[in-house]
Amino acid sequence: MIGEIPGVPVGEEYASRVLASEAGVHRPRIAGICGTQATGAESIVLSGGYKDDEDYGDVIIYTGHGGQDGAGNQVSDQSLDDSGNAALVTSHLQGLPVRVIRGSKSQSVYAPRSGYRYDGLYRVASYGSRSGIDGHLIWQFRLEADLATPMPTVREDQLPIEAPQQGPEQPDGNDEPERVRSNVQRIVRSSKVKNTVKLWHQDQCQICGTRIEVPGGTYSEGAHIQALGRPHNGPDQTGNVLCLCPNCHVKLDAGAIVINDDLTVVENGVPKGPLRTHPKHGLSIDCIRSHRERWRR
DNA sequence: GGGCCCGCAGGG
DNA sequence: CCCTGCGGGCCC
């Protein structure tokens, strides 16, 4: 289950991983990432197992899993083929929320004194690879707290991390990027209907054929033909959704592209060829007509 | 407190 | 099915 677990408030504590698992907050009993490439990540645990992690409370630099020996040393490179890491990529590409759980073994000042604590929803703002402390390739994910997610409590026996001091012995400039809460983070609504359509088309744009491939995944957008809500009142059904690249999505939404009843794509009055279709993906002619009527000119 | 080893659920 | 993974308890 992606997002909040009903009945589980932010700050809920669990004495053990087994109890957190039974509550559904973080189902795996050992692994730090729960999820798959297809669904995205449900939840992650910060438990001090990866020394390259950084925890600033509302921003977390989370290291993917894999490549370790039993003693917590990186002995080989990490990969995005690893299901947990690929799940975090999907969460980024689809803008999905990820539950964050902090464990007492984390070195962070935000770690709970004992056991595990659910700390709310975060988004995967970015990700990338680098050489880790132990010299092997690691993948890291920047998680940013949702606006509704409160700053976690600081352990009383530890001081919060001080910002780097500006002193005369400091070199000019500042390599440390300013930590500012990004409230322009794009939050893409994801629905079962859109995911179904995107899966049928394997993220290939039904208009231009583009399939955006990035490390760890592919990207497309589910676009409603007839817009939802007033005054258009389009249905949230697969017959009213297209799998599109971002460019064609904008063109469809703003009327640069309309579709004829015979599924010919028309861009600014010029026929461009047939819409790509899939046998399981029946389209609503009513919705196509309604969209065309909206942009009659 | 550290090392060990027995775990199980989730995922391919 | 087999394998892995930011446990956890027990022994020393």
Side-chain angles (χ1 to χ4, degrees), chain A residues 1-3 5 8 12-57 59-91 93-94 96 98-122 124 127 129-130 132-143 145 152 155 157-158 195 199 202 215-218:
Chain A
M1 171 181 263
I2 303 284
I5 301 295
V8 176
E12 189 84 334
E13 297 194 348
Y14 304 91
S16 71
R17 285 287 296 265
V18 173
L19 292 173
S21 174
E22 286 170 357
V25 171
H26 186 78
R27 296 185 295 120
R29 300 169 71 144
I30 298 179
I33 305 170
C34 178
T36 64
Q37 181 174 36
T39 60
E42 289 182 33
S43 53
I44 60 155
V45 175
L46 282 113
S47 194
Y50 287 80
K51 59 185 76 166
D52 294 281
D53 285 358
E54 301 168 34
D55 187 359
Y56 304 103
V59 174
I60 297 164
I61 311 303
Y62 188 78
T63 308
H65 66 196
Q68 286 194 336
D69 61 9
N73 299 307
Q74 287 298 135
V75 294
S76 62
D77 290 349
Q78 293 185 347
S79 162
L80 288 184
D81 294 335
D82 201 297
S83 69
N85 300 345
L88 285 167
V89 171
T90 298
S91 295
L93 294 175
Q94 300 191 15
L96 302 172
V98 180
R99 292 189 297 276
V100 167
I101 292 92
R102 287 185 173 84
S104 61
K105 280 184 272 187
S106 164
Q107 296 302 303
S108 162
V109 299
Y110 301 103
R113 192 174 282 282
S114 67
Y116 299 86
R117 185 185 65 216
Y118 168 58
D119 277 346
L121 300 179
Y122 288 64
V124 182
Y127 67 99
S129 65
R130 68 180 183 86
I133 290 170
D134 287 338
H136 287 91
L137 191 78
I138 57 170
W139 286 90
Q140 290 191 302
F141 301 84
R142 179 186 172 96
L143 299 164
R155 284 170 65 145
D157 57 338
Q158 298 194 37
N195 284 344
L199 193 65
Q202 300 281 294
T218 54

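Side-chain atoms are counted along with the backbone in the values below, which use heavy atoms only and exclude waters and symmetry mates. Order of the sequence lines fixes the chain letters, A, B, ..., with proteins taken first and strands second; residue numbering starts at 1 for each chain.
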- line: Taking a pair to mean Watson-Crick or G-U wobble geometry with both distances below 3.5 Å, B:dG1 pairs with C:dC12
message: Using 0.5 Å steps for rounding, measure from the CG atom of A:Asp53 to the CD1 atom of A:Ile60.
response: 9.0 Å
- request: Remember a base hit wins even if backbone is also touched, and classify A:Gly115 as base, sugar-phosphate or nothing at under 4.0 Å, heavy atoms.
  value: nothing
message: Could you tell me the Watson-Crick or G-U partner of C:dC6, where both distances fall under 3.5 Å? Say none if there is no partner.
response: none
message: Tell me if a side-chain donor or acceptor on A:Ser106 pairs with a main-chain N or O of A:Ser47 at a distance below 3.5 Å.
response: no
task: Could you tell me whether A:Gly84 contacts a base, only the sugar-phosphate backbone, or nothing, with contacts defined as non-hydrogen atoms closer than 4.0 Å?
output: nothing
query: With sugar-phosphate meaning primed atoms plus P, OP1 and OP2, does A:Ile44 contact a base, only sugar-phosphate, or nothing at under 4.0 Å between heavy atoms?
result: nothing
field: A:Ile101 CD1 to C:dG5 P, straight-line distance once rounded to whole Å
entry: 19 Å
message: Measuring to OP1 and OP2 of C:dC6, would you say a side-chain N or O of A:Tyr116 lies under 4.0 angstrom away?
response: no
Distance below 4.0 Å between A:Ser21 side-chain N/O and B:dA9 OP1 or OP2: no
message: With a cut-off of less than 4.0 Å, is there a side-chain N or O of A:His65 near OP1 or OP2 of C:dG5?
response: no
- request: Could you check if a side-chain atom of A:Phe141 sits within less than 4.5 angstrom of a side-chain atom of A:Ile44, using non-hydrogen atoms only?
  value: no
query: Does A:Arg99 reach the main-chain N or O of A:Gly3 with its side chain, forming a donor-acceptor pair under 3.5 Å?
result: yes
Touch class at under 4.0 angstrom, heavy-atom based, for A:Gly49 against every strand present: base
message: Please pick, from C:dG8, C:dG5, B:dG11, the nucleotide with the shortest atom-to-atom distance to any side-chain atom of A:Arg17.
response: C:dG8
message: Nearest whole Å is fine: how far is C:dT4 P from A:Asp81 CG?
response: 15 Å
- prompt: Between C:dC6 and A:Lys51, is there an OP1 or OP2 to side-chain N/O distance shorter than 4.0 Å?
  reply: no
message: Assuming nearest nucleotide by heavy-atom distance, tell me which of A:Ile30 and A:Arg27 is located more 5' along DNA chain B.
response: A:Ile30
